[in-house]
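As structure tokens, the structure follows; a few thoughts come after it.
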Amino acid sequence: QVQLVESGGGSVQSGGSLRLSCAASGYGSSRYCMGWFRQAPGKEREGVASIDAWSRKEYADSVKGRFTIFQDNATSTLYLQMNSLKPEDTAMYYCAAELTRSYCIGPWSLAPDVYKTWGQGTQVIVSS
């Protein structure tokens, strides 16, 4: 059974940085579409960044130039490096995987409905 476990969230001041991690287990050495999503109170879940089996990446406009998604295939860990954080980045952050796809590039890869396997989330709070 595939499991995703996020970590690395916390509280930081505006302009600061955090690195989120998502440890994946249960699917061997195969590579799939994976993504980071976030949900702020009272808002819908939105896509932040995605990466496919060939490490092609997609970013939401709101985080381009500030966030970087990358993965360590040796440890099956997905990361989200977040720099220049803003108060509007405050949200619960989730990683997700879609085990039927290895190819995912394009804005559609940021749609939550694409992904069926989700972690429990890690909270990020950015204060001004």
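No hydrogens, no waters, no symmetry mates; every other heavy atom, side chains included, goes into these values. Note that this is a predicted model, so its numbers are computed, not measured.
Residues meeting the ring-ring contact (aromatic ring centres under 6.0 Å, His included) test with W54, sequence neighbours left out: none. With sequence neighbours excluded, the residues satisfying ring-ring contact (aromatic ring centres under 6.0 Å, His included) with F37 are Y115, W118.
At a cut-off of 3.5 Å, with distance as the only test, a side-chain donor of N83 or S17 sits close to an acceptor on the other residue. A donor atom on one side chain and an acceptor atom on the other are found under 3.5 Å apart for T100 and E98.
Of all heavy-atom pairs between A40 and A91, the closest is N-CB, 3.8 Å. For the pair Q71 and L78, the tightest heavy-atom approach, listed with the atom from each and the gap, is CB-CD1, 4.1 Å.
Residue D52 holds its CG atom at 7.0 Å from OG of S102, rounded to the nearest 0.5 Å. Atom CG of L99 is separated from atom OH of Y32 by 6.0 Å, given to the nearest 0.5 angstrom. With rounding to the nearest 0.5 angstrom, the OH atom of Y103 is 5.5 Å from the CZ atom of R56.
With a 4.5 Å cut-off on side-chain heavy atoms, L4 and M34 count as touching. In this structure the side chain of W108 never reaches within 4.5 angstrom of the side chain of E58, judged on heavy atoms. A heavy-atom distance below 4.5 Å is not found between the side chains of L110 and V48.
Shown here is E88, whose CD atom has more than 12 heavy atoms of other residues, nucleotides or ligands within 6.0 Å. Other residues, nucleotides and ligands contribute over 12 non-hydrogen atoms within 6.0 Å of the CD atom of Q123.
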Going through the distances and angles, do I125 and V12 end up as a side chain to side chain contact (heavy atoms under 4.5 Å, CB included)?
CA-CA 6 Å; I125 299 172; V12 64; over 6 Å; no

Candidate pair R31 and S76, rule side chain to side chain contact (heavy atoms under 4.5 Å, CB included), full reasoning
CA-CA 9 Å; R31 300 291 170 253; S76 297; 4.2 Å; yes

Can you check side chain to side chain contact (heavy atoms under 4.5 Å, CB included) on C95 and E6, steps first, answer last?
CA-CA 7 Å; C95 73; E6 302 95 334; 3.8 Å; yes

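With R66 as reference, K86 is the one residue of K86, Q81, M82 to meet the side chain to side chain contact (heavy atoms under 4.5 Å, CB included) rule. The residue from V63, L80, I51 that alone fulfils the side chain to side chain contact (heavy atoms under 4.5 Å, CB included) condition with W36 is L80.
For the pair R38 and Y94, the cation does not sit on the ring face, since its NZ or CZ is not both under 6.0 Å from the ring centre and inside 45° of the axis.
Following chains of ILVMFWY side-chain contacts shorter than 4.5 Å, one can reach L85 starting from Y59, so the two form part of one hydrophobic cluster.
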